[in-house]
Amino acid sequence: MADQQLISLVDQMTLEEKIAQLLQLAVPFFEGTQESGQITGPMESLGITDAIVSNAGSVLGLAGAEEVIAVQEAHMRKNRLGIPLLIMADIVHGFKTIFPVPLAMGSSWDPSLAERSAEIAAREAAVSGLHVTFAPMVDLVRDPRWGRVMESTGEDPYLNSEFARAFVRGFQGDDLSGDLNRLAACVKHFAAYGAGEGGRDYNTVDMSERQLREYYLPGYKAALDEGVEMVMTAFNTVDGIPATGNKRLMRDLLRSEWGFDGVLISDWGAVKEMIPHGIAEDEEEAALKAMEAGVDIEMMTSSYVHHLPALVREGRVDESLIDEAVLRILTLKKRLGLFERPTRGADPQAEREILFCDEHRQAAREAAAKSCVLLKNEALLPLQAEQRVALIGPFAASGDILGPWSWTGSKEDAVTMEQGLRSKLPSGQLTVAEGCGVSTMTGRQLEEAMKAAMEADVIVLALGEDSEMSGEAGSRALITLPQPQLQLIQHLKTLQKPMVAVLFNGRPLDLHGVLDEADAVLEAWFPGTEGGAAVAALLTGEVNPSGRLSMSFPYSVGQVPVYYNHFNTGRPKDAPDAQERYVSQYLDIPNEPLLPFGFGLSYTDFKYGDMTLSTDEISPDESLEVTVSVTNTGDMAGEEVVQLYIRDRSGEVVRPVKELKAFRKVQLQPGEQQDVTFTLTEQQLRYHHSDLSFTSDAGEFDIMVGKNSRDTETRRFRLRK
């Protein structure tokens, strides 16, 4: 269908039909599903008629090939002009085969792995009838109290941008129209949703435009540059205006400056939420402001369908704005081939063959193993074949390791820690006890745990948060492990036996009571369907840990936000002439995080040679080569993540003490040495100045290479202009 045909189709539509295309409704409104007609609670108050449903443009949360086919066919019979529905859902880190949560994927420092995970998620979702996924989330995060940090890839704009591109490539592929195994991606949440005050979900965001552009916008722009089809508005305010009604953010920046011509969708209920935000008196004003801001699809509120017709007829909204929005939606439907094939890739037979297949599970297992981060190891791991192991903790036999946004995944399908270790250890060498619940403990649980531990050579603790403790609306003010788990550690510590802690969680935690008590600590995050198998392979040395933190772990929640690329102050604590008291510091805790960005251990050791620079001065049209030799000095093959940072010594505005500019994963055999070379250009030295121009400054720069953001070697060069 040519563009002119789409324009002709819009011309044939009544005003009410056009506005209904801008409405997204949940499954119960549509004929053909088990939930059909179950419209209760808030959904009942939307005032949605059968006529509106028959002209609605999209459905939220529908999956399953047979139901999708039934819904689409029923809709096509009712829709006067035969316009198909868009089927959308949150496919965040897997469909049926669940991969590690995005924060864990970020800790793999392997964008190709993320791309593969998105490709598999798209394949499973597409064969089940879906067209669009609400992913990737690229919100920069600096506050682990916020539950949705699990859905981000971390605190660094460069690393986030690399993963944003990878996820979009994986979901959409190269030929969205022809490849029925792909989905349209929707980058979210525009903008700065991760910067909510106090780490509280849906909360206020207030920052300068320079800060917004420098740190929070790059991830979204990277997704757009990769061709993402949709953008979702954020719940939060931006410069005092909720994003969903923020014309300057959406029309001026997203549309005009960045040239985005795809579909812009609100988050769930966000249009109507402008009323409690305090910028709309009622739903009519909310509809007016959202349309003026350029929101094409209203998700799960009905302000558009109830109020835009009158606003157009009264001349307060130009009908051309409605036409533009409808045309963007129809263009996406055309791009997905829905006019020719409304059910697109939905295929019940293929669905049975593809979902949760061995190939996909193997990929999930590899992703989980590469996402885990070894935080501590006092010569305890890997476990030895002859050791008797007591596996203790609330996650020892739990399938609750998928994490939030594992919508169609099943805890019953998850490989548990117990199952994973039983497959690796000789028969009879594993004893399992719960020890405590996630947030509770009984005397019997503790007694069984102590007995199991006394009969073992080594204790493996399976600890963490349950999946409801993070994710959307999962903010926590105190981010330690729940007290019963800390008490369990203390009781077991009295036995003076070697102890490993494996952590399942969706955020960086305050690890006091864990990191200082256990002999080894493995951060497993929420590792997905194959989590238990991946963790067992790591604990037994079948796989060497290679993950590195993409978000700092705080020493105390009192430091938050704490992140590596912070500014210096006029009175830095580490200055050579610093006073003892009158410097920027806490009196009771360190300034530094407990574990820095980029940190992670291995079962082998990597030695860095001296860094060399090809020159100590470059001009804007020249580049600088940075070379460092890395040697595996241990007796086990391993992967090292070599990280390159810079610091602008004197900028027009204050610059961070470190900025990640490049990284390289290298696989080295025992004794093997490899030269790792990075090429640095003037473009990588640019930043947003006080007038928001994006340029570089002549002067001195530090260049730092090392194994994490803390442990680096430094050289200096100059940019001349």
Side-chain angles (χ1 to χ4, degrees), residues 24 26-27 41-43 60-61 63 88-95 98-106 121 132-154 160 167 185-205 216 219-220 230-238 242-244 265-273 276-277 299-301 400-409 411 438 464-479 504-509 525-526 528 551:
Q24 180 165 98
V27 174
M43 286 191 286
L60 168 70
M88 308 189 194
D90 292 272
I91 311 304
V92 173
H93 56 108
F95 184 72
I98 304 300
F99 284 77
V101 293
L103 186 61
M105 294 298 291
V132 177
T133 175
F134 298 131
M137 188 188 102
V138 300
D139 300 321
L140 187 95
V141 290
R142 291 173 167 177
D143 192 334
R145 294 173 298 181
W146 190 46
R148 293 191 85 164
V149 299
M150 51 71 53
E151 207 177 336
S152 169
T153 49
N160 282 0
F167 282 124
C186 175
V187 68
K188 61 186 186 184
H189 306 83
F190 196 69
Y193 185 37
E197 290 181 359
R200 210 172 75 227
D201 213 347
Y202 319 118
N203 205 10
T204 301
V205 171
Y216 290 87
Y220 311 111
M230 289 181 62
V231 173
M232 181 183 287
T233 69
F235 284 118
N236 54 275
T237 56
V238 177
T244 307
I265 186 171
S266 80
D267 207 335
W268 182 296
V271 172
K272 188 176 178 180
E273 286 173 18
H277 267 298
M299 184 195 295
M300 282 305 295
T301 50
D400 189 17
I401 59 173
L402 305 184
W405 294 120
S406 49
W407 172 48
T408 56
K411 295 176 184 178
V438 173
E465 303 177 305
D466 65 46
S467 55
E468 293 298 311
M469 293 172 72
S470 62
E472 185 170 356
S475 299
R476 293 180 62 201
L478 303 177
I479 53 173
F504 298 95
N505 46 285
R507 56 163 52 82
L509 297 170
W525 309 108
F526 285 115
M551 192 173 178

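For this chain, numbers begin at 1 and follow the sequence in order.
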Colleague: What are the two closest heavy atoms between G269 and T301, and how far apart are they?
Modeller: CA-CG2, 3.5 Å

Colleague: Give me the atom names and distance for the closest heavy-atom approach of P144 to I479.
Modeller: CG-CD1, 3.7 Å

Colleague: Is it the case that T153 and N160 place a side-chain donor and acceptor less than 3.5 Å from each other?
Modeller: yes

Colleague: Kindly determine whether D90 and M137 satisfy side chain to side chain contact (heavy atoms under 4.5 Å, CB included), including the steps that lead there.
Modeller: CA-CA 10 Å; D90 292 272; M137 188 188 102; over 6 Å; no

Colleague: Are any of the side-chain heavy atoms of S406 and F526 separated by less than 4.5 Å?
Modeller: no

Colleague: Report yes or no: does S266 contribute a side-chain atom to a donor-acceptor pair with the main-chain N or O of M299 at less than 3.5 Å?
Modeller: yes

Colleague: Take a 6.0 Å sphere around CD of E468 and say whether it holds more than 12 heavy atoms from other residues, nucleotides or ligands.
Modeller: no

Colleague: Any side-chain to backbone donor/acceptor pair from S467 onto D400? Under 3.5 Å, distance only.
Modeller: no

Colleague: For R142, give me all partners under salt bridge (Lys or Arg N to Asp or Glu O under 4.0 Å), at least two apart in sequence or on another chain.
Modeller: none

Colleague: Please determine whether the number of non-hydrogen atoms from other residues, nucleotides or ligands lying under 6.0 Å from atom CZ of R200 exceeds 12.
Modeller: no

Colleague: Which is it for E273 and Y202 under the side chain to side chain contact (heavy atoms under 4.5 Å, CB included) test, yes or no, and what are the steps along the way?
Modeller: CA-CA 11 Å; E273 286 173 18; Y202 319 118; 5.8 Å; no

Colleague: Main chain of G506, side chain of E465: is a donor-acceptor contact present, judged purely on distance under 3.5 Å?
Modeller: yes

Colleague: What are the two closest non-hydrogen atoms of S470 and R507, and how far apart are they?
Modeller: CB-NH1, 3.8 Å

Colleague: Ignoring hydrogens and geometry, is there a side-chain-to-backbone donor-acceptor pair from S152 to D139 under 3.5 Å?
Modeller: yes

Colleague: Between N236 and A191 (side chain of the first, backbone of the second, donor and acceptor by atom type, cut-off under 3.5 Å), is there such a pair?
Modeller: yes

Colleague: Kindly give the heavy-atom pair with the smallest separation between T233 and D267, and that separation in Å.
Modeller: OG1-N, 3.5 Å

Colleague: Please check if the side chain of T244 supplies one atom and the backbone of V271 the other of a donor-acceptor pair under 3.5 Å.
Modeller: no

Colleague: Quick one: pull up CD in Q24 and CG in L60 and give me the separation to the nearest 0.5 Å.
Modeller: 5.0 Å

Colleague: Given side chain to side chain contact (heavy atoms under 4.5 Å, CB included), test V205 with Y216 step by step and report yes or no.
Modeller: CA-CA 12 Å; V205 171; Y216 290 87; over 6 Å; no

Colleague: Determine whether a donor-acceptor pair (N or O, by modelled atom type, separation under 3.5 Å) exists between the side chain of N203 and the backbone of G196.
Modeller: no

Colleague: Measuring from atom CD1 of I401 to atom CD1 of I98, what distance do you get when rounded to the nearest 0.5 angstrom?
Modeller: 11.0 Å

Colleague: When you compare the side chain of W407 with that of I91, does any pair of heavy atoms fall below 4.5 Å?
Modeller: yes

Colleague: To check you understand the geometry: which heavy-atom pair defines the closest contact between G194 and W146, and what is its length?
Modeller: CA-CZ3, 3.4 Å

Colleague: Would you say the side chain of P508 lies within less than 4.5 Å of the side chain of L103, judging by non-hydrogen atoms?
Modeller: yes

Colleague: W405 pairs by side chain to side chain donor-acceptor pair (under 3.5 Å) with which of E472, H93, E151?
Modeller: E151

Colleague: Among V231, V138, L140, which residue meets the side chain to side chain contact (heavy atoms under 4.5 Å, CB included) test with Y220?
Modeller: V138

Colleague: Should F134 and I265 count as side-chain neighbours, where that means a heavy-atom distance under 4.5 Å?
Modeller: yes

Colleague: Please give me the minimum heavy-atom distance between D143 and G199, naming the atom from each residue.
Modeller: OD2-N, 3.2 Å

